[in-house]
Each structure stands twice: as C-alpha cells, then as structure tokens.
Colleague: 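Below: one structure in structure tokens.
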Amino acid sequence: MTRLIIRRLLLMVPTLILVSLLIFALSQILPGDLGRTILGPYATPAQVTALNHKLGADQPIAQRYLSWAGHFITGNWGESPVLQQRVFPMVMQAFSNSLLLAALALVVIIPLAILLGVVAGLRKDGLLDRSITISTLSLTVIPEFVSGVILLVIFAVTLKWLPVTALAPPGSNIFTRLYYLILPAIPLMFIELGYIARMARVGTVEVLARPYIRTAVLKGLPRRRVIFGHVLRNAMVPTVTVIGGQIGWLVGGLVVVETLFGYPGLGKLLVDAATSHDVLILEAGVLIVAVIYMLSNLTADVIVALLDPRVRQRG
Amino acid sequence: MTDDQYRRDYAHHLIEQVNKGHMTRRQLLVRASVFGLSATAAGSLLAACGGSSSSSSSPAASGSGQPAPKAGGTLRVSCPDSLTALDPVTMYDVGGAVMVQQVCEYLSWVENDMTLRPVLAESWSSDTSAKVWTFKLRQGVTFNEGSPFGADDVVKTFERLVDPNSGSAALSVLGGILSPGGTQKVDDATVAFHLDKPVADFPVLVSSSNYNAVILPRNYGGKFPQTPVGTGAFMLKQYTPKQGAMFTKNPNYWQKDKGFPYLDSVEFKFAADDAAAVLQLQAGAVDMQCQTPFQGSQALFKDPKLNIAEVPGTGFREVAMRVDKDPFTDKRVRQAVAYCLDRPALLQALFGGRGTIGNDTVFSSVFPTSPKLPQRAQDYTKAKQLLSDAGHPNGLTITLTTENYLEVPQYATLIKAQCAPAGIKVNVDLIPYAQYYSGKGANQVWLQVPMGITDWAPRPTPVQFVNGMLLSTSVWNSSHFADPPYDKLAAQYSATVDEASRLAVATKMATIENDETPLLAAFWITQLSARAKNLYDVGGINIYLDLSKAYLA
C-alpha cells in the first residue's frame, strides 16, 4: 500500500514535466502574440516586434522553456507581463477560491448522490428508483449556464434571497463566503448529482446480484448488516473512482459558472491567460490543476484499495 | 495677424456660416469649442446669430424635476476588467480607461454632443496655419500626492505618449501629427504643440477622446496601481485584477469649492460577461454599466428601476468589398450590393432602431459637420440594372466572411436575405472572432477576405476612420481602396480650418466614397448605458466616464 502511494507520487514528476512542455508548445499555436495583447489592436507591427523582443518572447521556445522551468522549480513564478502582477499570489488566490467552491459542492453532492443511488439500486425498477433516476438525470443534462441563469433570476433578482455575485466583500468570514457560494454551487450539484448517483445505483444493483449477497441473506443476516457490511462496501468502488475523476474539473474547469457569477477562480483565470498569451499564469494554473487531478485520482485509488482487499494485494 | 485677431475673425466666420444656413447652431458650438472659444464666447456667438436661442449643449436636464445634488454615497459601476495591466499609457479598452479617468484628468473633456469642455487647460488657440497650438493651463491645481500641476507635466505626458518605445496606445491617434520634441513649455502655465502638419481638429486629439492622454505627473514611471497619481476627483484605494477596484473622494480636488465630487466613493465590479452584468443590474447589485450592448440586454430596457442613457455614436460595422478582387473590381457590383440594403429595417432588427442611418461614407451625419448627400435606399430595380451592366445579368454568387461577435452574424444573415431578390447569392462564412483578426500585418484574415464585416469602435473625428481604412497607405484598408485624388483631398481636409472649405472638401470625399462604394456603412450605432434611476449627472458613455459631478439621490 505504501509502495503504491510512493510509486504514484513519483510518477507525478514526469507527468507534470510533460504537461508543462505541452502547454508551452500549445501556447505557441494560439493566434496573436504577447506584444499584441499588451499593446492592443492599434499598435504598429514595429512596436509589437520591439516589445516582444524586450520581453524575450521572440527567443527560441526551448530556451524560454528552460529559463521558465528553472525559475519555476526554485519557487520564482515571476511576474505576468500582461497584468504586471506577481504570478504566485494571483494563481494561489484563484486556486483557493476554486477550492472553496469545489469543496462546498462536493460536501453536498457526495453523501446525497450516494444515498440516492443506493436507495434507487435497492429498489431497482420500483417507483422510487424511477423517480430518482429520471429527476437526477434531467438535472444533469441542464447545462450550467442555463441552470445558473434560471437560479439567478429566481433567487437573486426576483426573490432577492441570495446575492447575485459569488464573491463576498473583502474581509468576510468563512460563513459569509459560503453563503455567497450557495447559488453557484447548485448548478454544479445538478451536473454531478445524476452522474455520481447513477454510478452508486449501478454498483448497488451489480453487487445485489452476486452469490455472496444471496449467501448472506440465506444464512439469516439482518437486512441492515447485509446492506452496510456487504452491499455498500462493494458498491462504492466504481463510485469512488468516478468522484476522484470529477474533482479536477470542479477545481479547474468551472469557466462558465465563474464567469456567470463573477467569481475569480482558476478556470476563468486560465482561459484569460490562454487568450492573452500569459504563459506564466497558464503554466502555474494548469500545473496546479494537474496536481489536483492526480492527487484526487490517487486518493480515490487508495480508498478503493481500502474497500477491496484484492486491489490492496495486487498493489 | 495676431492670434487674438485671428480668433475674432474665426468667430465672425462661424456666425456667418450659421446665418447663411451652412451650419446648425449645434455645429457652431462644437466647432467653437474645438477652436478654443469659451462657452460664454460661444453663447454670445449664438446670440449674435439671432433667432430663437437654443440650449442644445447643456448635458444635465436641470430644472426638469431632477432632485438637488446630494453629497455622499458609494456608486457601484459594472465594467469589464482591463485586459492588460492598469496603465494610462498602454491601456486600450473600456475597463482600463474608465478606471484611470477617475484618478486622472485631461486637458479637455469631450461631452456627449462632441463639444470640448476645458478641464486642465483653460483655453487654447492655433496659429493661422493650424500647425502650432497653444494651450493655457489651469492654475492652482495639485496632484493627489501634493505636487502642483504645471506645464512640465503636460510636456512630459505628451512626450511619453509619442515615444515609440513607451508602448503608448495614443500613437495610433498622434502618430504622424505630433513627434518627440514637438511639445514645448512656453511658461509654467502655457504649452505649445508644434505639429508635423496642420491639423484643424488637434484639440480633439489631445482631449479625453484620446483616452490615453490623461495628464500624469512629470516623474511618472509606470506601475500605475502602485502609484496612482493624478488631479482627478477620486483616488485609487485598491485594485484587485479580475475582481474589482475601489476609489475614494479626493479631499483636495480642485473643484471642491463647488462641492465636487459629491460621491464619497466609487466601486468598480468587474463583469466578465454581459449576461452576468445584466443580472447584477436587475438585482440592484450595481448602479450602472459603462457600456450596455443592445443584443442580450433587452431585459434592461423595460426595467422600471433603470434608465438607459442613449448617445448617438460613431461606431459602425464596415462591410468591406475588395476593389482588387473579382467580382468587386467593378464598382457597379459594389453599388448593387449597397442598393439591396434596407437600412432602416437593418437598424430596427439589429438594434431596435437605436442608431443613425448611414450612407456608405465614414462622414457620418453623427459628426457635427457632415456632408449632405442623397440618402441611399433599397432599390432592387437599380441593383439589377447595375449587375446587368456589369456583365452579371443572371446574378452572381459572393462569399461574406464574418466574425462571430456581437450582432455581426445576424447582420450577415440579413445581408444575405436582402441581397437574394436582386439575384446576388451570398454565402456567409462565419468564423471565430480570434480567427477573423488573426495573422500578421497586412496578412490578417480580415484584411484579406474578398468581403467581410468588421466592427469599428467610435472615433471622435471622421479623419481617424479615413486614415485607418480608406487611404492607399492605411494599415486597416480591408477594401484595398486606393484613389490618389481621394488621398489628396484627405490631406487637404485635415489641414483646413475654414468651415465652409472644410465642408466642401468633406463633401467631395464623401461623394467619392459613396460612388466608389469600397465599403458599406449602413448604420451608426447609438451608444447605450444602463443606469439606476436615482443616479444623476454622469458624464460620458462607453469608454468615457466622468463621475466628478455625479450623485445618488
């Protein structure tokens, strides 16, 4: 088990190097360039060329990559040439905002989705199963920009129960911040709920059909012990894996929700950095998202191993 | 002839123009203000013209049920964040400009009716050739860190703006007009601009319409968010990229004796998206939006809590046809397309009628002095005749390349529909915004396609459109129009001070544009700004925002 964790952590290093190389290469094929972004559409080509030269943006890509990587590893994340702000605090601020929103969404989603999924699985094909499946699936298919706007119009504009923006005033405590995040978290719950609940349902249905469950029931175990001791533990395996894969998206991919709710998170920061050729912010942000992806997948695998001894022995 | 005599003569000349019916009263006010005649002088000019008096230039509807100004309060403004670092020298977008304008001021401010209001300059005048412009500066003004404002600051500011290495965005306006060394101090309260060529509109080019031209202290060294020094009504307290900015009242503002500014503070909340801004306005989370696009904001127009300020604008959509590429090499084909357009219907469909009909010339009737040509209207008989004369009796097929941006795709679809009855089949090629403007220099997609629609932001004078897109030397000449007589007229127009001759030259230029039809200018878009009903006396619109007299009541 420990060996598995150490091996996976070590594997992260080459993965991150590959990701950082890929971003550097991809940022080269985006239309436009750094100097043009900073100087705007009215600057002459000569002005743009001069600025690109001054910023070193015209040097060979390999040279720029090595220089960036050297600084990045030593903790010097540099200053964004576009925004003239230090990269580290900007990215970390956005990251902590994203993390808070993702955490709020997950705290609600995980128990609720598992509960609904397992209940539906136990009542397979019954009325309860049908209504849970249909309602969670219909919520999942609503894109977040649609559900977000509808929620804003109802709860922020018309009823005025909740704030229209997701960012609490500066200096607010954690409860105020969470209050501001209720509305933006709901579209995320809609999307994830159906997905995770469906996984939990499938897991439950599959496990219920296994011979060892029949044995457990036939040897007279109480229904509660069958469900909690045998069904749940085994049914959770695919669900945990799916949740692990969704965390990276919840942290770094919420461009639409962040834009609609005016929330300065990592997703919007990355999109802006990509369109403005701000490679320093792009690299830092994407690497953080990559680390989150790998860590959440690793955590999911560890939990699966704890749930299933066979996985543990293989590892 | 001394300058004073010259100004008197010019004043008489303006009166004559109005009395002869060559100019309207509004045009007189605009020209007088550009020429540096004070508002009182302009008022007495109007009186000299005789007839009924008009008060067209007063921006505030004072005495029309507007409550008395009230001091205090925080105004919350929704705008996009600056795309790049907040810096007066390099900024080029709405967010950057409107924030800097709270801290810093210009020599003069362009009002919504295009008159110039003196701010840090008290008056200005030119020599007879319009090549040397002298500005008298306001005395007793200090920067918010305590140092006095004077001629050295103005000289340094403009030297910085015309320095090709400063990254100045103002070079697009001042390049070829004002060179390094051209701005000279006469005395502590006087600055003279020695231009490379005569420019009759020069005061406009150093006013707020050139939004980079805020007067910064002589020792400004970049990093504006850390050293936000200016003479303006507010001071920058905090700027957080992607989130917002907070400004507080400048207690030593030079107009504090008049009670300005009324507001205690101004908060900017950055909206990354128009839908988000609309919802924030509806929820009352912000009090105003600098620029409200028509498309997508329709819900605001009937919101009882909001007013929509409307100012006729000089922004438009250029439908360029490449005069060097078949089938557009024949001007009759270009004219035929122009005669297919039902302009009032287009304006109604795309902007709910909020705009001014265009006549395929950049000399829009929105500009104060504009030529009057017969208005082009939809005429399919004429269009078919032109096509047949050009050798396309059975019609033809053309491709219209369009950026996927704002209402431009809808415009393209309408062009396609309106061209069909004349036998012109239009294939619309819709491409992403970034792709449309991609490429380097003259090879950019939008400068190479045979026919395209390009969005042009408002400009304070038609000269900037002419220089940008219609001269043989223009870098954004997407129609590839090159006409030596037109180039010559453009140089003449820019240098002409006399109003009647200027209008005559403009008429010749507009006639060439309209006849050659390298581009279609079917409408000019009115600028909109949604504002709370209890907010009064906001100056400017879109990229211009003067809150020094604004109040919440």
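Below, chain A is the first sequence line, B the second, and so on; all start at residue 1. None of these values were measured; they are calculated from a predicted model.
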Colleague: For Glu258(A), is it the side chain, the backbone, both or neither that has a heavy atom under 4.5 Å from a heavy atom of chain B?
Modeller: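 Neither the backbone nor the side chain of Glu258(A) comes within 4.5 Å of chain B.
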Colleague: Which pair of non-hydrogen atoms, one from Leu83(B) and one from Val82(A), has the smallest distance, and what is that distance?
Modeller: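 Nearest heavy atoms, Leu83(B) then Val82(A): O-CG1, 3.8 Å.
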Colleague: Quick check on Tyr195(A): does its OH atom have over 12 non-hydrogen neighbours (other residues, nucleotides or ligands) under 6.0 Å away?
Modeller: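 No, the 6.0 Å shell around OH holds no more than 12 heavy atoms from other groups.
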Colleague: Heavy-atom count check: over 12 atoms from other residues, nucleotides or ligands less than 6.0 Å from Lys533(B) NZ?
Modeller: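 Atom NZ in Lys533(B) is packed in, count exceeds 12.
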Colleague: Can you give me the closest heavy-atom contact between Ala283(B) and Ala156(A), atom names plus distance?
Modeller: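 So the minimum-distance heavy-atom pair works out to CB-O, 3.9 Å.
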Colleague: Please report the interatomic distance CG(Asn165(B)) to NZ(Lys54(A)), rounded to the nearest 0.5 Å.
Modeller: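 Reported value, rounded in 0.5 Å steps: 8.0 Å.
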Colleague: Side chain, backbone, both or neither: which part of Thr165(A) has an atom under 4.5 Å from a heavy atom of chain B?
Modeller: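 Answer is side chain: those atoms of Thr165(A) sit under 4.5 Å from chain B.
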Colleague: Roughly how far, to the nearest 0.5 Å, is the CG atom of Leu171(B) from the CG atom of Leu39(A)?
Modeller: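 One finds 10.0 Å between CG of Leu39(A) and CG of Leu171(B).
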Colleague: Are any non-hydrogen side-chain atoms of Leu83(A) and Lys242(B) less than 4.5 angstrom apart?
Modeller: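 Side chain of Leu83(A) against side chain of Lys242(B), heavy atoms only: contact under 4.5 Å found.
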Colleague: At a 4.5 Å cut-off on heavy atoms, which part of Asp272(A) comes close to chain B: side chain, backbone, both, or neither?
Modeller: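 For Asp272(A), the contact with chain B is made by the side chain alone.
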Colleague: Of all the heavy-atom pairs spanning Arg36(A) and Tyr92(B), show the shortest one and how long it is.
Modeller: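 Heavy atoms only, the tightest pair is O-OH, 4.4 Å.
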Colleague: Check whether any side-chain heavy atom of Leu279(B) sits under 4.5 Å from a side-chain heavy atom of Val153(A), and report yes or no.
Modeller: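 Yes, close enough: below the 4.5 Å cut-off.
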Colleague: Given a strict heavy-atom distance threshold of 4.5 Å, which part of Gln84(A) is in contact with chain B: side chain, backbone, both, or neither?
Modeller: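 Interface part for Gln84(A): both.
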Colleague: For the candidates Gln435(B), Met91(B), Lys223(B), Lys269(B), which exhibits the highest count of non-hydrogen atom pairs separated by less than 4.5 Å from chain A?
Modeller: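 Top count of heavy-atom pairs under 4.5 Å with chain A: Lys223(B).
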Colleague: Under 4.5 Å heavy-atom distance to chain A, tell me which part of Ala457(B) shows up: side chain, backbone, both or neither.
Modeller: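 Interface part for Ala457(B): side chain.
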Colleague: Which one wins on heavy-atom pair count under 4.5 Å against chain A: Ser172(B), Ala299(B), Ala277(B)?
Modeller: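 With the most close heavy-atom pairs to chain A, the winner is Ser172(B).
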Colleague: Return the minimal non-hydrogen interatomic distance between Lys268(A) and Ala272(B), and the atom names on each side.
Modeller: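 Shortest heavy-atom separation between Lys268(A) and Ala272(B) comes out as CE-CB, 3.4 Å.
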Colleague: Select, from Ala46(A), Gly148(A), Gly40(A), the one with the greatest count of heavy-atom pairs under 4.5 Å involving chain B.
Modeller: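 Highest number of pairs under 4.5 Å: Gly40(A).
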Colleague: To the nearest 0.5 Å, what is the distance between OG1 on Thr90(B) and CD1 on Ile38(A)?
Modeller: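 Those atoms lie 8.0 Å apart.
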Colleague: Would you indicate whether the side-chain heavy atoms of Asn97(A) and Gln243(B) approach each other to under 4.5 Å?
Modeller: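 A side-chain contact under 4.5 Å exists here.
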Colleague: For Val164(A) versus Ala285(B), what's the shortest heavy-atom pair and its separation?
Modeller: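 Looking at all heavy atoms of both residues, the shortest contact is CG1-CB, 3.3 Å.
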